[in-house]
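Positions are given from 1 along the sequence.
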Amino acid sequence: MKILNLNCQHGEQPHLKDFLEKTMLAETYDFLILQEVNEKVLAFLHQSPYKTIHAFNKETGQNSEVCIVHRIKYSPLKTDFKSFAFMHRDPVFGFKHPCIGMLWADFLIEEKIMRIASIHLHSGIHRNVRITELKLAKNLLLSNISGPVMLAGDFNSGWSEERINNAKALAPEFAWITKDLGPTLDSRYCENVAHLPNRIAALLGIFNIGIQLRTDHIFVDKETACTSNIKCNILSDRVSDHNPVECVIKN
């Protein structure tokens, strides 16, 4: 099974459309686990032989922006969504931030039900809210499932110790399979919105100075991590402020 994780940055980068369309036409991946998918990005995803799963966020009254794209042969048995929007007030969106939340779906794969989730945690300097969201996500993902589980997405883990704390919060049920990967976010390509980190990034970007952060991660259940051959890799394609991360799992 081959998976791609990517924060699409609302289609801000001009090469995203070609990247997604070519990737899907080539049938490179079984699943694309995406974040910051708005209507612009959704228009890039209508490619056979794939289907798209996304959800309406009742808390914000908007479509959520976490998304799972899957090969047609993997029909979802069940899907669910949890908004994290009201767990922290965003300086730009208030409590109407459509990005923040988790979408998950159960698929029958090789006679096992596998749960796959796309997550996007709050951005900014407030790491406590992110760990609270992650603990909630863990409880939801482990509910009523006995098969493999994969959690991928944008964890916005800007602090170095935060990544370790994330792994501890998800342990022992989950293993951090992208632990050895390098940075995935380049601040030079971030939007200049009214978040303090974005404003700092924009200022540094004037001088072509970028901050490299490890914000995108993939976790799988402990059994899958122990019994499978798993390889993860960061792609160099500049299609977002985040680099795509691919993962190959072989039994």
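- Follow the hydrophobic side-chain contacts under 4.5 Å out from Leu121 and you reach Leu140 in the same cluster.
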- Task: Evaluate the side chain to side chain contact (heavy atoms under 4.5 Å, CB included) criterion for residues Phe44 and Leu16: first the C-alpha distance (whole Å), next the side-chain angles of each, then the deciding distance (0.1 Å), finally the verdict.
- Result: CA-CA 9 Å; Phe44 306 156; Leu16 178 68; 4.2 Å; yes
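- Tracing side-chain contacts under 4.5 Å through hydrophobic residues (I, L, V, M, F, W, Y), one never reaches Leu181 starting from Val248; they form parts of separate clusters.
- A chain of hydrophobic side-chain contacts below 4.5 Å, direct or via other Ile, Leu, Val, Met, Phe, Trp or Tyr residues, connects Ile109 to Met150.
- Hydrophobic clustering (ILVMFWY, side-chain heavy atoms < 4.5 Å, transitive): Phe81 and Met87 are in distinct clusters.
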- Message: Run Leu6 and Val239 through side chain to side chain contact (heavy atoms under 4.5 Å, CB included) and show every step you take.
- Response: CA-CA 9 Å; Leu6 175 64; Val239 295; 4.0 Å; yes
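- The NE2 atom of His46 lies 12.0 Å from the CG atom of Leu20; values are rounded to the nearest 0.5 Å.
- Considering only residues two or more places apart in sequence or on other chains, Phe86 meets the ring-ring contact (aromatic ring centres under 6.0 Å, His included) condition with Phe95.
- Sorted by first then second residue, the side-chain hydrogen bond (donor to acceptor under 3.5 Å, both in side chains) pairs that include residues 63-76, not counting sequence neighbours, are His10-Glu65, Glu27-Arg71, Glu39-Asn63.
- With sequence neighbours excluded, the residues that form a side-chain contact (heavy atoms from CB on, under 4.5 Å) with Glu246 are Lys2, Leu4, Tyr29, Asn233, Leu235.
- Residue pairs meeting the salt bridge (Lys or Arg N to Asp or Glu O under 4.0 Å) criterion with at least one member in residues 117-127, sequence neighbours excluded, are Arg127-Glu161.
- With rounding to the nearest 0.5 angstrom, the CE atom of Met1 is 7.0 Å from the CG atom of Asp30.
- Looking only at side-chain heavy atoms (C-beta outward), Cys247 and Ile177 come within less than 4.5 Å of each other.
- With sequence neighbours left out, the side-chain contact (heavy atoms from CB on, under 4.5 Å) criterion links Lys135 to Ile131, Ala169.
- Here the OG atom belonging to Ser157 is positioned 6.0 Å from the CZ atom belonging to Arg163, to the nearest 0.5 angstrom.
- Taking every heavy atom of both residues into account, Ile234 and Pro183 meet most closely at CD1-O, 3.5 Å.
- Counting heavy atoms from C-beta outward, Arg130 and Asn166 have side chains that stay 4.5 Å or more apart.
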- Query: Could you walk me through whether Val220 and Ile230 pass the side chain to side chain contact (heavy atoms under 4.5 Å, CB included) check?
  - Reply: CA-CA 10 Å; Val220 298; Ile230 302 176; 4.1 Å; yes
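- A cation-pi arrangement is absent between Arg115 and Phe107, since the terminal nitrogen or guanidinium carbon is not both under 6.0 Å from the aromatic centre and inside a 45° cone about the axis.
- By the 4.5 Å heavy-atom criterion applied to side chains, Ile218 and Val245 are counted as neighbours.
- No side-chain donor from either of Thr215 and Asn156 sits under 3.5 Å from a side-chain acceptor of the other.
- Minimum interatomic distance between Ile72 and Ser48 (heavy atoms only, all atoms of both residues): CD1-OG, 4.5 Å.
- With contacts defined as side-chain heavy-atom distances shorter than 4.5 Å, the pair Leu25/Gln47 qualifies.
- Side-chain contact check for Ile119 versus Leu103: every heavy-atom pair is 4.5 Å or farther apart.
- Counting only heavy atoms from C-beta outward, the side chains of Phe84 and Val129 never approach each other to under 4.5 Å.
- Using a 4.5 Å cut-off between side-chain heavy atoms of Ile, Leu, Val, Met, Phe, Trp and Tyr, with links allowed through other members, Ile68 and Leu151 fall into different hydrophobic clusters.
- Residues forming a side-chain contact (heavy atoms from CB on, under 4.5 Å) with Asn229 (at least two apart in sequence, or on another chain): Lys231, Lys250.
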- Dump the intermediate steps for side chain to side chain contact (heavy atoms under 4.5 Å, CB included) on Glu173 and Leu142, then the final yes or no. CA-CA 9 Å; Glu173 292 87 353; Leu142 295 177; 3.7 Å; yes
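- Shown here are the ring-ring contact (aromatic ring centres under 6.0 Å, His included) partners of Phe155, two or more places apart in sequence or in another chain: His217, Phe219.
- Proximity of a side-chain donor or acceptor of Ser240 to a complementary backbone N or O of Asn7 within less than 3.5 Å is detected.
- The salt bridge (charged side-chain N to carboxylate O under 4.0 Å, His left out) search around Lys82 returns none, not counting sequence neighbours.
- The ring-ring contact (aromatic ring centres under 6.0 Å, His included) search around His54 returns none, not counting sequence neighbours.
- One N or O on the side chain of Glu133 and one on the backbone of His122 form a donor-acceptor pair closer than 3.5 Å.
- In this structure, the side chain of Ser83 engages the main chain of Ala85 through a donor-acceptor pair within 3.5 Å.
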- Message: Quick one, Thr184 with Asn243, criterion side-chain hydrogen bond (donor to acceptor under 3.5 Å, both in side chains). Give me CA distance, side-chain angles, the key distance, then yes/no.
- Response: CA-CA 5 Å; Thr184 55; Asn243 287 94; over 6 Å; no
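- Considering all non-hydrogen atoms of both residues, Gln35 and Gly153 come closest at NE2-CA, 3.3 Å.
- Residue pairs meeting the side-chain hydrogen bond (donor to acceptor under 3.5 Å, both in side chains) criterion with at least one partner in residues 12-24, sequence neighbours excluded, are Gln9-Gln13, Lys17-Glu21.
- When atom types are taken as modelled, the side chain of Lys138 and the backbone of Phe174 share no donor-acceptor pair closer than 3.5 angstrom.
- The salt bridge (Lys or Arg N to Asp or Glu O under 4.0 Å) analysis of residues 213-228, with sequence neighbours excluded, yields no pairs.
- Taking 4.5 Å as the limit, every side-chain heavy atom of Trp104 sits out of range of all side-chain heavy atoms of Val66.
- Within the 4.5 Å cutoff, side-chain heavy atoms of Leu45 are placed close to those of Met24.
- For Ile113, the side-chain contact (heavy atoms from CB on, under 4.5 Å) test picks out Leu77, Asp106, Leu108, Ile145, with sequence neighbours left out.
- Heavy atoms only, all atoms of each residue included: Ala105 and Pro76 are closest at CB-CB, 4.5 Å.
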